[in-house]
Q: 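Sharing a structure with you now.
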Amino acid sequence: MKKYLIALSAFTILTLSVNAQQQRATTGDAPMQHHGKMDHKKMGHGSHERGMMMKQLNLTDAQKQQAKTIHEDYANQMKQLKGNSSMSVNDYNAKKATLQNEQKAKFESLLTQDQKNKMGQLKKDQVAKKEMMGQKRMDKMKSSLNLTDAQASQLKSQHDNFKSQADAIKENTTLSQDQKKQQFMELRKKNQESEKSILTAEQLQKKEQLRSSRMKDMKNKRSEKS
């Protein structure tokens with residue numbers, strides 16, 4: 001399942017990048033559109049990653065056009081699916097999974113073997129990068145809160161467990177979005193309670209101070225940009 005999600009994510013990144021490149025050619029720097037709402041704060045970073053991946057795969061103009069068509073067809077089908085209020089949650093999720101599988105298969109059929117091999121390596125690099133970033137965050141937390149080795153190990157285990165359970169909720173096709181949101185909130189609360197049993201009162205206070213400081217810095221940066 002993890003490999004499938006990574007592959008699907010890489011595919012979506014590529015097709016969206018194709019759309020963005022072709023839209024810029026005709027409308028300048030118009031915002032990239034995708035079914036559903038996009039977080040504009042993430043779009044800048046995501047656009048850079050998409051551009052890098054596209055460049056490394058070196059798709060031909062014909063491949064880019066075909067990928068754009070595949071994505072537009074998928075987006076239209078998803079729009080129709082979302083507008084079907086008579087479907088049950090299970091039927092909706094099953095249909096959505098089918099469309100995603102079809103989209104992924106169609107895109108992969110466009111690639112040469114070398115491009116497929118390259119995409120596989122890019123996916124591995126993406127996973128390794130996320131793991132490295134996670135380790136850096138853990139090392140920074142250990143230094144900032146003066147954690148013991150035992151505490152750091154417990155927090156890492158807790159994080160891995162949280163991520164595993166969160167992924168299970170995300171991939172559960174029998175749940176509605178509201179049900180998933182509720183379970184995420186409960187899991188997050190449970191995770192916070194578990195953290196309190198690992199950290200000392202002083203460390204918890206320091207952690208909250210650091211969080212408040214980060215939030216303040218982010219708010220100031222947003223104010224400066226506006």
Side-chain angles (χ1 to χ4, degrees), residues 1-25 31-78 81 93-139 156-157 159-173 180 184:
M1 178 60 76
K2 183 180 289 186
K3 291 182 179 179
Y4 164 73
L5 290 174
I6 293 173
L8 180 59
S9 175
F11 166 63
T12 302
I13 287 173
L14 289 168
T15 52
L16 285 174
S17 183
V18 169
N19 287 344
Q21 289 183 349
Q22 297 199 2
Q23 286 173 3
R24 283 195 296 269
M32 182 171 51
Q33 298 296 322
H34 185 45
H35 67 278
K37 297 181 180 179
M38 291 196 68
D39 187 335
H40 295 286
K41 293 178 182 179
K42 295 179 181 179
M43 199 162 71
H45 178 65
S47 297
H48 175 71
E49 289 187 343
R50 288 190 290 272
M52 291 296 292
M53 185 174 286
M54 287 292 292
K55 184 177 181 180
Q56 292 181 70
L57 279 184
N58 195 28
L59 299 181
T60 65
D61 290 340
Q63 286 176 316
K64 292 176 184 178
Q65 182 57 48
Q66 287 175 295
K68 180 177 182 291
T69 299
I70 291 171
H71 171 68
E72 289 177 344
D73 182 56
Y74 169 77
N76 288 333
Q77 291 184 76
M78 279 301 302
L81 181 62
N93 287 326
K95 180 62 177 177
K96 180 180 178 181
T98 298
L99 291 177
Q100 289 174 332
N101 284 329
E102 290 175 351
Q103 183 195 34
K104 175 177 176 289
K106 288 177 181 178
F107 177 75
E108 289 184 344
S109 69
L110 301 178
L111 303 179
T112 65
Q113 189 58 52
D114 286 343
Q115 288 172 328
K116 290 178 181 178
N117 293 340
K118 183 63 176 179
M119 189 167 74
Q121 185 59 51
L122 290 173
K123 285 182 280 185
K124 291 180 180 179
D125 293 344
Q126 193 177 59
V127 171
K129 182 179 179 180
K130 288 182 179 179
E131 291 179 347
M132 181 178 68
M133 291 175 65
Q135 185 59 50
K136 284 185 177 180
R137 286 193 295 269
M138 180 58 68
D139 291 342
K156 184 179 185 308
S157 177
H159 170 74
D160 291 343
N161 186 51
F162 174 84
K163 185 177 183 305
S164 176
Q165 293 183 66
D167 287 342
I169 294 173
K170 182 179 179 180
E171 297 166 15
N172 190 338
T173 59
K180 288 183 178 182
F184 273 127

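Remember, predicted model here, so these are calculated numbers, not experimental data.
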Q: Quick one: list whatever passes salt bridge (Lys or Arg N to Asp or Glu O under 4.0 Å) with D160, sequence neighbours left out.
A: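 Salt bridge (Lys or Arg N to Asp or Glu O under 4.0 Å) list for D160, sorted by chain: K156.
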Q: Out of M133, M132, M138, which one pairs with K136 under the side chain to side chain contact (heavy atoms under 4.5 Å, CB included) rule?
A: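 That would be M132; it is the only one of M133, M132, M138 passing the side chain to side chain contact (heavy atoms under 4.5 Å, CB included) with K136.
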Q: To the closest 0.5 Å, what do you measure between CD (E108) and CE (M119)?
A: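 Nearest 0.5 Å value for the CD-CE distance: 4.5 Å.
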Q: Identify the two heavy atoms, one from F107 and one from I70, that lie closest to each other, and give their separation to 0.1 Å.
A: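 Closest approach of F107 to I70, heavy atoms only: N-CD1, 3.9 Å.
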Q: For the residue pair Q115 and Q63, establish whether any side-chain heavy-atom pair is separated by less than 4.5 Å.
A: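 Answer yes - side chains close enough.
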Q: Would you kindly say whether N117 and Q113 are connected by a side-chain donor-acceptor distance under 3.5 Å?
A: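 Result is yes, a qualifying pair exists.
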Q: If the threshold is 4.0 Å, N to carboxylate O, is there a salt bridge linking D114 and K118?
A: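 Answer for the salt bridge query: no.
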Q: Thinking salt bridges, do E102 and K106 make one under a 4.0 Å N-O criterion?
A: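 Salt bridge absent between E102 and K106.
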Q: From K68 NZ over to Q66 CD, what is the distance, rounded to the nearest 0.5 angstrom?
A: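 It is 13.0 Å, given to the nearest 0.5 Å.
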Q: Which heavy-atom pair separates N172 from K180 by the least distance, and what is that distance?
A: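 Minimum heavy-atom contact is O-CE, 3.3 Å.
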Q: Roughly how far apart are Q103 CD and M78 CE, rounded to 0.5 Å?
A: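 Q103 CD to M78 CE: 9.5 Å, rounded to 0.5 Å.
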Q: In the structure I gave you, are the side-chain heavy atoms of L111 and L59 within less than 4.5 Å of one another anywhere?
A: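 In short, these two side chains touch, coming nearer than 4.5 Å.
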Q: In chain order, what residues pass the salt bridge (Lys or Arg N to Asp or Glu O under 4.0 Å) check against D139, with sequence neighbours excluded?
A: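 By the salt bridge (Lys or Arg N to Asp or Glu O under 4.0 Å) rule, D139 matches no residue at all.
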Q: Mind checking what makes side-chain contact (heavy atoms from CB on, under 4.5 Å) contact with N93, not counting sequence neighbours?
A: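 Expected list: V89, T173.
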Q: Taking C-beta and beyond as the side chain, do D125 and K129 meet within less than 4.5 Å on heavy atoms?
A: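 The answer is no; the side chains never approach within 4.5 Å.
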Q: Using modelled atom types only, decide if a donor and an acceptor are shared between the side chain of D73 and the backbone of T69 within a distance under 3.5 Å.
A: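 Side chain of D73 to backbone of T69: no pair is present.
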Q: Could you give the distance from OG (S164) to NE2 (H159), rounded to the nearest 0.5 Å?
A: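 One finds 11.0 Å between OG of S164 and NE2 of H159.
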Q: Do the side-chain N and O atoms of E72 and N76 include a donor-acceptor pair separated by under 3.5 angstrom?
A: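 On atom types as modelled, these side chains do not qualify, holding no pair under 3.5 Å.
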